[in-house]
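Written out below as structure tokens is the structure these notes cover.
Letters A, B, ... are given to chains in the order of the sequence lines, protein chains preceding strands, and every chain is numbered from 1. Keep in mind the model is a prediction, meaning the values are calculated, not measured.
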2 protein chains.
Amino acid sequence: MKPATQPRILDAAEKLFARHGFESTSLRAIIASAGVNLAAIHYHFRGKEGLIRAVIERRFAPINDERLRRLEVCERRADGRSPTVEEILEAFLSPMLRVGLPHSGQGRLLMQLAGRLLQPSGGMLEKAAGSEFERVAIRFLAALHRALPDLPKQEIAWRINFTIGAAARALSGGIPVKVLSSASHENLQERDVQRVLQRLIAYTAAGMKAPPANQRP
Amino acid sequence: MKPATQPRILDAAEKLFARHGFESTSLRAIIASAGVNLAAIHYHFRGKEGLIRAVIERRFAPINDERLRRLEVCERRADGRSPTVEEILEAFLSPMLRVGLPHSGQGRLLMQLAGRLLQPSGGMLEKAAGSEFERVAIRFLAALHRALPDLPKQEIAWRINFTIGAAARALSGGIPVKVLSSASHENLQERDVQRVLQRLIAYTAAGMKAPPANQRP
DNA sequence: GTCTATATGGGGATAGAC
DNA sequence: GTCTATCCCCATATAGAC
């Protein structure tokens, strides 16, 4: 028996989106891969934008839940005191990087997809990703503000954005410069996620804890 | 007398690309704004991809020249010793963030454009941006390796990628999460670039200098 | 409720007249 | 160098079969 139409569409769309990006993937390519009719997409998802949103939400809702869950765990473990910046950042970054096992093709596809998702690229993607991120961002901003009471909240907000940018690089494998990609992009395909996560946390935690620059130069 | 067709196309395309992104901007929108014929784009630039590449190269070649020039200046000033990480990163980041004055509309447009450019988003952009970056990336990787001799070169390559990701966030204004964008996106439109640069350098320099994570967890 | 067939309008690209 | 006319592909919408 063959799987239902809806998940077949979602699986095919996720794979193609991850490989070619959202705007470069046509619905026709998706229906060919899924073996369904074009109008089925419109029926189930109300068009391409709805399909993108459904793909995103299917995968990122659990990630965001996991982020919040981990944050609560390490806050409870800290028992009244604030968790370390490293712990908070691991709660934020790890679920995204760890989805799927290192050897799972689906996991790596999702990492590429996530790398694309996190970057603003022209309108509708922001909306789809933004609503998912919002609840998470608020919680983590508060947690980091508590861990770094000397930093203005505005500075922390900036640094969260910098951190997201760094994570997006890690997920998408970096720029296609040979000298850099030999050390990142290629390896990302083959090495384990844990190593990348360690590098990313070492970098972003140090940046997060940096003394703020002089505001009057 | 009216300007030549070619720069008119480039100006209109840059403006629209900056505003709506590359894939969401139609050639027809560009010709309407530039007041030229559709085929003129294909004649001068061999299609949309060539136009994107031309827009990119026109703006980024001088930026990359400036990066290399600044790196040489601070290396000469260091007189045999290595410049600080902060100096190297400022040479790398500042030309990109400083193009145009804070109040120049063109400068801000370019910042948005650059923010989009630096993030991998589906194929052809990487190629266009990658060739531009290559010569710069090699030089800065070497300079940072000299400034941070204890770090493996591979680790530095990863951190350069993280740094680029953070810079891309600064340029594009961050994710559209209200609580974060109130502190970044909105202000980026109105406040001076110097402030952003200071924040970015404080964050990325700390990340760059962080002790590497344990490789055996 | 689920899907097929088909129509519409907009997109990038190209050949060839001027 | 420039423009007109045209081609083919795509996303979307809808009517109606099952």
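Side-chain atoms of A:Ala39 lie closest to C:dA5 of the nucleotides C:dA5, C:dA13, D:dT4.
Atom P of nucleotide C:dT14 and atom CZ of B:Arg46 are separated by 10 Å, given to the nearest angstrom. Separating the CD1 atom of B:Ile41 from the P atom of C:dG11 is a distance of 12 Å, rounded to the nearest angstrom. Atom CG in B:Leu51 sits roughly 14 Å away from atom C1' in C:dA13 (whole-Å rounding). Separating the CG atom of A:Asn37 from the P atom of C:dT6 is a distance of 11 Å, rounded to the nearest angstrom. Put simply, CZ on B:Phe45 is 16 Å from P on C:dT14, counting in whole angstrom units. A straight line from OH of B:Tyr43 to P of C:dT14 spans 15 Å, rounded to a whole angstrom. Going from atom CG of B:Leu38 over to atom P of C:dA13 covers 9 Å, rounded to whole Å. Taking atom CG on A:Leu27 and atom P on D:dA11, their separation rounds to 4 Å, with Å as the unit.
A salt bridge is defined here as a Lys NZ or Arg NE, NH1 or NH2 lying under 4.0 Å from an Asp or Glu carboxylate O, and A:Arg70 with A:Asp65 fails to meet this definition.
No side-chain donor-acceptor contact under 3.5 Å links A:Lys153 to the backbone of A:Ala142.
B:Arg169 forms no cation-pi arrangement with A:Phe162, by the criterion of a distance under 6.0 Å to the ring centre and an angle within 45° of the ring axis.
Taking only distance into account, the side chain of B:Arg28 never meets the base of C:dG10 through a donor-acceptor pair shorter than 3.5 Å.
Proximity of A:Thr5 to the phosphate of C:dC3: a side-chain N or O atom is located under 4.0 Å from OP1 or OP2. Contact annotation: B:His42 does not reach the phosphate of C:dT14 (side-chain N/O to OP1 or OP2, under 4.0 Å).
Annotation: side chain of A:Thr204 is in contact with side chain of B:Tyr203 (closest heavy-atom distance under 4.5 Å).
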